[in-house]
Each structure stands twice: as C-alpha cells, then as structure tokens.
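Counting convention: from 1, in listed order, for ligands and their atoms alike. Below, all heavy atoms of this structure are taken into account, side chains as well, without hydrogens, waters or symmetry copies.
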Amino acid sequence: MSFNHNASAIFTRIAQMLELTGADRFRVNAANKASRILKELTTDLEPLAQSQDSKALTAIEGLGKSTVTKLIQLATTNTISEHEELSNKIPQGLMQLLAIPGLGPKTVKLMWDELKIESIDDLKNEINKGTVADLPRMGDKTIKNITDALTFMESSGGRLHLGLAMPIANHIVEHMLAVEGTTRAQYAGSLRRGQETIGDIDILITTTNPQAARDAFTAMEPVTKILANGDTKSSIRYEISTATGRFKDLTTPDQIQIDLRIVSQESWGAALAYFTGSKEHNVALRKIAIKHNMTLNEYGLYNNADNRNDPIACESEAGIYAALGLDVVPPPMRQDRGELTNGHLPHIIELADIKADLHTHTTDSDGKLTLKESATIARNRNFHTLAITDHSQSSAIANGLKPERLQQQIKTIHDFNASFDNLTIIAGSEVDILVDGSLDYNDDLLNQLDIVVASPHAGLRAKPKQATKRLLKAIAHPAVHILGHPTGRLIQRREGLSPDMTELIAAAVQHDVALEINAHWMRLDLRDTHVRAAAEAGCKIAINCDVHHAADYDNLIFGILTAQRGWLTPDLCINTWDHDKLHTWLKSKR
Ligand code: DGT
Ligand code: CA
Ligand code: CA
Ligand code: ZN
C-alpha cells in the first residue's frame, strides 16, 4: 500500500476509535478530513515526511500542523502514537462491528458500555440471549436488520464493480418501465455518479399504480430476499449471475441490495437529486439553499418566507440548480470537490465525443476478435480510427508477438487498411514496460509502429519510488504515444503500482505523452482523482477499451464516467480529436 493510502486508512481508524471513546466531534472530524485529503492527494508524501519537511507538508492544502506531525511520525517510526494509544484502549472486534451496515459508533459504544459486546460473536450471543433488545432504541426490527446484515456480510465479498452493477440496474429500470402505471424509472446513487464500486443500487420511479410496481419489483426471478416492502420503499437482495464465467476469479459479492423508491411526480427532481448524492454534495447544496433563505430536502426546494410551503422547484434537477443560481452539476461531478463553488463548470467530455479506440487486441495475441471483426465493430460505432495494439514479446502468457511476427502483422494491417473503407486502421503495439523502465522492442522496430502504447504488466508490487522511476523512463521514450493503464491495478483485487502521479503527469506534459484511462471496469486506471490532477495540469488523456472481446467496446461508458468524475474536457482527450488532428499528432513522434 502506498504511504498516502496507508496513512489515510489509519486516520479513518483513528476517527472511528475516537468516536468509540466518546471524544469530541472536532477531533473526529479533523481525523476524517485528514483521511479524505490523503486518499485523494496525487503527490506521494512519503519523501517529504521522511525528510521531516513539515514546512512543505503544511503548505499542502488541508494538512494542518497536527496531521503533519503524525505523518512524519508515521514515516519515521512506522506508527502514529495516537493510533497506538487508541488501539490499546479499544478491542479489535469493535472495529468489525462498525463495518456492519446500520451499526454506527453510537450504538456500538452503547453495546460495549452496557453489555460488554466486543466482537461479532459477542453480538450474536447477546442477540440470542435477548439482552440487546433491552437497550434503548433497539426494537425488534432494528435487531432483525442487524442479524440479516450479519448473514449478508458472511455471504458477500464487498462492493460490486461498476461494470457488473450497471447492466443489472439498466435491466431493472426497463423491467419497471414495462409495469402498468410506471411513468418514470431511473437509477440514482453511486451508480449514477459512476463510482468504481457500488454498495447498493438505488432505483427511483413514479407510478400511478404503486402496488403493481412493488409486486413486479419483489417478484423478479433473481430476488433472494425481500428486506422491506412499504408504501414508498421496497428493498430486495438480488442474485448476480456471472454467466460468462470470464470473471470468476474476481472477489465480488454474489448478491446485491437494491432499493426501490416510489416518489411523487411533483417531487421527482428533488428526489432524484437527493438519492443521487453524493451525501457530501447534498450537504453542500443544502447549505447553499440555506444561504438563499430556502430549504432543500428530498421533496423539494422551499422558500422559508413562504409559509404556504409551496415548493419553488422540485420537478426537475435542473430547476433546483437553477433556482439556487447554479449550473446543473453532472452526476459524476457531485462529490463536493469544488463543483458548487467554482463559478461556471467546464463542459466535460461525453460518450458521443469519442471517435477512436487506440488500444485493442486481436487473435494475434490474446484477443478473441480478428482484425476484420474488430474493424467492423469500430466502423459501426462511427469511429474514424482503430489502433491494433497486441501484446509484446515479454507477455508470453498473452501470446505476445516476437519481432518477426510483429513485422508481419504491421504489413498485414497496412494492407487490410487499404482495402477497408471508412475507417483508418493503424498498426501499433501494447509494449511492456519492463521492470527497469525500458521497452520490450528495440527502437528501430518501435519506430516502424504507427502508435505505441506502453504499459506495465509485471513487477506490480514495486515500491512507489521504483514505480515512479520505471514509468518516468517509459514516458520519456520518444516513440511512446500513450502510457497504458499506468498503475496496473485491478479494482478490489490488486493494488498495483503507486507512482507519484504529480511527477508522472508533469513528465507526460513535458514529453507530449497521453495518459490512458483504461475503460475496463476491472481497471479504471487512471482513476478519477488521477484524471482530475491530469486535467488540471493540461495533460493529454486517452480513453481506451483495451478490447479483447466484442463486448469490451461497451466498456467505454465506464471510462467516460471516470473521466467525468475527473472533470476532463474533450479537447484534452485524444480519442475525441478529428482524423487529421489525431494522425498529425501520432506522426509527430515518428
Ligand atoms: P453506495 O450505495 O455505498 O455505493 O453509495 P450511495 O451514494 O449510493 O449511497 P446510499 O445508497 O447509501 O444512498 C443513496 C443516496 O442517498 C446518497 O448518495 C445520498 C443520499 N443519502 C443517503 N443517506 C443520506 C444522508 O444521511 N444524508 C444525505 N444528505 N443524503 C443521504
Ligand atoms: Ca447506493
Ligand atoms: Ca441505497
Ligand atoms: Zn495491458
């Protein structure tokens, strides 16, 4: 784990443990804030902390004196004393209790104080004995929810990948729209914001026949359990079929919770805004409403001076933002990261802007599509350019091409291109960046390629410093156009490299290299925070599907959502450029 992420995780635990000891709000909030900043920072703080440069560290926005002291402590002693002291006071099992949905620090503290519950096993025992029911605010229903959550946790492996949740949500939206009486249906929550993983799926509908909607929702075939079925909200657990078997080695839950909320036609916009979140964005938006002497909630936006309580706006999200004097914020940007305070928002990239894919594999290495099949799909998508970039020789398991085979492939692609209308197909390679940062073919061969995507595949456990050095060397190579999936991470499976992104971005700008957002939902690499930093620095970005199967072309949306979360504007994305601009740039490196 990188220094920053490790520190971020420790600060989160400090915040939780402070709450369990009943510390004051101020300290808890400070620790949570430090955690969030560390998680999102793109500069590796380890060198600064190690050299005890507190001046440089406090200069970083959001890092206070006391946080900086702790970071230096962590870098020099491997621990933070506050964390050690709290850990000595608090049983480890309490931290696991906090992970149970519906159990917050207040309740955990109460159960600890009153019943000496210090672990999940203790909790199960006390629930069975009936003692938990004697605690304040512990009704039968709350206890039932806790036992259900415990069973669910035992059977699931965490959050669901964006790319696995999206088709389920789309299917359910369609299913609900087909029900008699439904007038609107849409998914909200983290899915609509395009987050890389999804805790549960939130669906909103309007209907003239709530009963029919509830019945249709709870009777879907994959429903394994009905958690709630009230007038305005139903919750189910839904079985995920991994029919393709292609992803069976992923750690992913086999079920997901889905909440259906039936809202009134008049409150649609307010409800959609509320349930889209993020929570942080909602809080910030409500504060703005208060400044305007208005009140915002899930039912509407109200003028406080108007005692009849007629909403000012509530039928559309756009109406609400407009009434508050704001640009409509695209859902992926709703993170409380400046989208409400920066004046006018930039016009961010959209799916329809993409005109080319520049990282695809064929049957010549480990792809399942032939050159012609892939070209046909790309042309049907109205792309003007397709780059074939099969694996290089070191990737033996991926059937990487030896120099002679690559030379042959270049010729085949150029000949094929001459015979194929309305699409330019170029010959490239996804060249391994070897552990020492050198590339997997000699310069002469690299210069014969129309495009070079350089990517790390092996040695992904390297220390941040080595990773930075390795990737910087690849960026500086004059034949390289794109740095492919820069960290090599796989979401919820492999952490990958933690290079200093600020340095990589600066080097990419200097050497005119594009950093890739690999759109595969297992990768999303660059991640959203990296994209934001890159876009701010004016760094070129590529969004590629890394196509191996026909269906991979559909992953583009996940790359776009990630780009949108990073405020990427289309001009910086080379896949949006017209034919001439793109090919002139590609040739400038030859
Ligand atoms: P998830 O499900 O963990 O991936 O993340 P979300 O963002 O989908 O969160 P979820 O499902 O708990 O709630 C959906 C949205 O509802 C959330 O993004 C914002 C809104 N919401 C939920 N609880 C609260 C709350 O306590 N305060 C505010 N302001 N908004 C909330
Ligand atoms: Ca959710
Ligand atoms: Ca939810
Ligand atoms: Zn790759």
Side-chain angles (χ1 to χ4, degrees), residues 99 101-102 104 156 158-162 164-166 168-169 172 186-204 227 233 235 238 253 256-261 263 270-290 295-298 331-332 334-336 358-361 365-367 389-392 394-395 397-400 428-433 440 452-458 460 474 482-492 494 496-497 516-520 522-523 525 542 544-548 552 565:
S156 80
R159 298 169 61 85
L160 193 63
H161 290 75
L162 177 61
L164 295 174
M166 180 85 74
I168 296 175
I172 293 174
Q186 192 168 335
Y187 59 75
S190 50
L191 186 62
R192 186 162 179 242
R193 301 197 312 277
Q195 251 182 230
E196 61 193 42
T197 63
I198 306 302
D200 67 8
I201 298 176
D202 304 282
I203 310 266
L204 257 52
L227 301 164
K233 182 182 170 193
S235 283
Y238 186 98
I256 184 150
Q257 181 170 327
I258 305 175
D259 296 337
L260 175 77
R261 290 190 178 80
V263 306
L272 189 59
Y274 181 86
F275 290 109
T276 296
S278 68
K279 202 168 153 180
E280 291 78 13
H281 176 86
N282 289 353
V283 169
L285 200 58
R286 241 176 288 150
K287 277 192 193 147
I288 293 175
I290 291 167
T295 303
L296 176 65
N297 58 34
E298 62 185 283
R334 298 183 195 170
Q335 307 171 37
D336 190 24
L358 303 173
H359 179 176
T360 70
H361 300 269
S365 65
D366 62 348
T389 57
D390 274 309
H391 287 285
S392 62
S394 287
S395 285
I397 7 167
N399 192 22
S429 173
E430 184 186 14
V431 183
D432 265 14
I433 303 170
D440 198 20
V452 171
V453 179
S455 316
H457 287 111
L460 298 176
I482 297 174
L483 185 66
H485 51 68
T487 74
R489 72 141 171 188
L490 295 176
I491 293 167
Q492 289 191 147
R494 175 173 78 203
L497 302 170
E516 180 183 73
I517 300 174
N518 191 293
H520 199 293
M522 225 149 47
R523 294 191 181 271
D525 176 17
N544 293 320
C545 289
D546 193 355
V547 172
H548 287 77
D552 291 346
R565 291 179 60 81

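In terms of polar-atom proximity, defined here as any N/O pair under 3.5 Å, S278 makes no such contact with ligand 1. Of the N or O atoms in R193, one or more lie within a sub-3.5 Å distance of an N or O in ligand 1. For the pair I198 and ligand 1, the shortest N or O to N or O distance does not fall below 3.5 Å. In terms of polar-atom proximity, T197 is not counted as a contact of ligand 1, lacking any N or O under 3.5 Å from an N or O of the ligand.
Atoms NE2 of H485 and OE2 of E430, as seen from the Zn ion (ligand 4), are separated by an angle of 90°, to the nearest 10°.
The residues E516 and R523 are annotated as not salt-bridged, no charged nitrogen and carboxylate oxygen being separated by less than 4.0 angstrom.
The ligand atoms of ligand 1 that sit less than 4.0 angstrom from a heavy atom of G199 are 1 (P), 2 (O), 3 (O), 4 (O). Within the listing of ligand 1, atoms 8 (O), 11 (O), 14 (C) sit less than 4.0 angstrom from a heavy atom of D202. When each atom of ligand 1 is checked for a heavy atom of N282 under 4.0 Å away, the hits are 19 (C), 20 (C), 29 (N), 30 (N). For ligand 1, the atoms sitting less than 4.0 Å from at least one non-hydrogen atom of G189 are 8 (O), numbered in the order shown with element in parentheses.
Residue T276 places a heavy atom less than 4.0 Å from ligand 1.
When heavy-atom distances to ligand 1 are checked against a 4.0 Å cut-off, D200 comes that close through both its backbone and its side chain.
For the pair I172 and I201, the minimum side-chain heavy-atom distance is 4.5 Å or more. With a 4.5 Å cut-off on side-chain heavy atoms, M522 and I491 do not count as touching.
The nearest N/O/S atom of D202 to the Ca ion (ligand 2) is OD2.
Look at D259 and the Ca ion (ligand 2): no N/O/S atom of the residue is under 3.0 Å from the metal. At least one N/O/S atom of H457, whether from backbone or side chain, sits less than 2.8 Å from the Zn ion (ligand 4).
Take Q186 and apply the side chain to side chain donor-acceptor pair (under 3.5 Å) test, not counting sequence neighbours, and it matches no residue. Every side chain to side chain donor-acceptor pair (under 3.5 Å) that D525 has, sequence neighbours left out, goes to T487.
When atom types are taken as modelled, the side chain of S190 and the backbone of Q195 share no donor-acceptor pair closer than 3.5 angstrom.
Closest heavy-atom contact between P456 and P486: CG-O, 3.5 Å. Nearest heavy-atom pair across Y187 and A169 is CD2-CB, 3.8 Å.
The closest side-chain donor-acceptor pair between D440 and S394 falls under 3.5 angstrom. H391 and N399 share no donor-acceptor pair across their side chains, judged by distance under 3.5 Å alone.
Evaluated by nearest non-hydrogen atom to atom 29 (N) of ligand 1, the leading choice among K279, R286, E196 is R286.
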